[in-house]
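All remarks here apply to the structure that follows.
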Amino acid sequence: MNYWLMKSEPNAYSIDDLRATKTKIDHWDGVRNYQARNMMRDDMKKGDLAFFYHSNCNPPGIAGIVNIVKEGYPDFTAFDPQEPHYDPKSSPDKPRWYMVNIKFKRNLKRFIALAELRQNPLLRDMLLLRPGNRLSITPVTAAQWQAILAME
DNA sequence: GCCAACGTTGGC
DNA sequence: GCCAACGTTGGC
C-alpha cells in the first residue's frame with residue numbers, strides 16, 4: 001500500500017465539501033500537471049491512503065485522511081468547454097488527463113499546519129516541504145505517514 | 001499583493 | 001533541442 005498527500009484549495013474544494021457529499025466519495029478532477037497525472041494514472045492503487053492538504057489558505061496544512069477507492073481513469077472535466085479546467089487537447093478517445101476517486105475517511109484529531117510539519121525533523125525529506133514544490137500530489141513514505149499521525 | 005520556483009510554450 | 005517569455009502555484 002502507498003501513501004500520498006493531495007492538495008486542494010479549500011476555497012475551491014475542502015475536506016468538509018468531501019465529507020458533505022452523500023457517499024463521501026468524489027472524483028479528484030482538475031489536475032493538469034503531468035507528474036501528478038502520472039501518479040494518479042499509474043501509481044495510485046485502490047486502498048491507498050492520502051492526506052487531504054489545504055493549500056493557498058491561512059494556515060495551510062493537513063486536514064484529514066482519504067482512501068483511494070477508484071484507480072486512474074480519464075478526467076472527463078477536460079472534455080467540457082464549460083469547465084474551468086477544459087483542455088481542447090484532451091478527448092475521450094485520447095484522454096490527456098486522469099483522475100482517481102477518493103473517499104472521506106476521517107479528519108485529523110487536530111489540523112496540523114505546514115509550519116508545524118516544517119519543525120518536525122522526521123519530515124526533513126518530505127517532498128511537500130521542499131522549497132518551491134508545487135506538485136499537487138506527492139508520495140509520502142510510511143515513516144513520514146507515521147510521524148505525522150504521531151503529531152495529532 | 002509580492003515574489004520565488006517551476007512548468008509550459010513557441011520561436012528559432 | 002535550446003532557451004526566453006510567460007503563466008501558475010502557493011507560502012508568506
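Here the structure is a predicted model, which means the values were calculated and not measured. Just so we're on the same page: letters track the sequence lines, and every chain starts at 1.
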- Residues two or more places apart in sequence or in another chain: which of them pass ring-ring contact (aromatic ring centres under 6.0 Å, His included) with A:His85?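 Counting only residues at least two positions away or on another chain, A:His85 forms no ring-ring contact (aromatic ring centres under 6.0 Å, His included).
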Without decimals, in angstroms, what is the distance between [X] [atom1] and [N] [atom2]?
X: A:Ile62; N: C:dG10; atom1: CD1; atom2: C1'; answer: 16 Å
X: A:Leu114; N: C:dG10; atom1: CG; atom2: C1'; answer: 10 Å
X: A:Gln35; N: C:dT8; atom1: CD; atom2: C1'; answer: 15 Å
X: A:His54; N: C:dG11; atom1: NE2; atom2: C1'; answer: 16 Å
X: A:Ile137; N: C:dT9; atom1: CD1; atom2: P; answer: 14 Å
X: A:Arg118; N: C:dC12; atom1: CZ; atom2: C1'; answer: 10 Å

- Query: With under 30° as parallel and over 60° as perpendicular, where do the rings of A:Trp28 and A:Tyr13 fit, or are they tilted in between?
  - Reply: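 Perpendicular, since the angle between the ring planes exceeds 60°.
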- Task: Return no unless some side-chain N or O of A:Tyr53 is found under 4.0 Å from OP1 or OP2 of C:dT9.
- Result: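 No, A:Tyr53 has no side-chain N/O under 4.0 Å of OP1/OP2 on C:dT9.
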- Message: Any side-chain N or O of A:Lys7 below 4.0 angstrom from OP1/OP2 of C:dG10?
- Response: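 Yes, A:Lys7 has a side-chain N/O under 4.0 Å of OP1/OP2 on C:dG10.
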- Between A:Gly132 and A:Tyr34, who's closer to the 5' end of DNA chain B by nearest nucleotide?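 Nearest nucleotide further toward 5': that of A:Gly132.
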- Message: If you assign each of A:Asn133 and A:Asn56 to its closest nucleotide in DNA chain B, which residue comes earlier from the 5' end?
- Response: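 Checking each residue's closest nucleotide, the 5'-ward one belongs to A:Asn56.
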- Does the pair A:Asp16/A:Arg19 count as a salt bridge with the N-to-O cut at 4.0 Å?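 Salt bridge between A:Asp16 and A:Arg19, a charged N being under 4.0 Å from a carboxylate O: yes.
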- Task: List in numerical order all residues of residues 73-95 of chain A for which some heavy atom is under 4.0 Å away from an atom belonging to DNA chain C.
- Result: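 Within residues 73-95 of chain A, no residue comes under 4.0 Å of DNA chain C.
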- Task: Determine whether A:Trp145 and A:Leu49 make a side-chain contact, defined as any pair of heavy atoms from C-beta on separated by less than 4.5 Å.
- Result: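 Sidechains of A:Leu49 and A:Trp145: in contact.
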- Message: Applying side chain to side chain donor-acceptor pair (under 3.5 Å), can you list everything that pairs with A:Ser8, at least two apart in sequence or on another chain?
- Response: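 Listed in chain order: nothing, the list is empty.
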- Query: Just by protein heavy atoms under 4.0 Å, how would nucleotides 1-6 of chain C read 5' to 3' in B, S and -?
  - Reply: ------
- Would you please name every residue forming a side chain to side chain contact (heavy atoms under 4.5 Å, CB included) with A:Leu135, sequence neighbours left out?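 Residues passing side chain to side chain contact (heavy atoms under 4.5 Å, CB included) with A:Leu135: A:Asn33, A:Gln35, A:Ala36, A:Met39, A:Asn133, A:Thr138.
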- Item | Donor on one side chain, acceptor on other, A:Tyr34 and A:Arg96, under 3.5 Å |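 Short answer, yes.
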- Query: Base, sugar-phosphate, or nothing: which does A:Arg32 touch, judged by heavy atoms less than 4.0 Å apart?
  - Reply: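 Result for A:Arg32 = nothing.
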- If you check every side-chain atom of A:Asn33, which of B:dG7, C:dG11, C:dG10 has the closest atom?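 In terms of side-chain proximity for A:Asn33, the closest of B:dG7, C:dG11, C:dG10 is B:dG7.
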- Query: Donor-acceptor pair, A:Ser90 side chain versus A:Asp87 backbone, under 3.5 Å?
  - Reply: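 No, the answer is negative, given that no donor and acceptor are paired below the 3.5 Å cut-off.
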Hey, can you pull the donor-acceptor pairs under 3.5 Å for the side chains in residues 58-80 of chain A, sequence neighbours left out?
residue	atom	partner	partner atom	Å
A:Glu71	OE2	A:Lys46	N	2.9
A:Tyr73	OH	A:Asn101	OD1	2.4
A:Asp75	OD1	A:Thr77	N	2.9
A:Asp75	OD1	A:Thr77	OG1	2.5
A:Asp75	OD2	A:Gly30	N	2.8
A:Asp75	OD2	A:Arg32	NH1	2.9
A:Asp75	OD2	A:Arg32	NH2	3.4
A:Asp75	OD2	A:Thr77	OG1	3.4
A:Thr77	OG1	A:Arg32	NH2	3.2
A:Asp80	OD1	A:Gln82	N	2.8

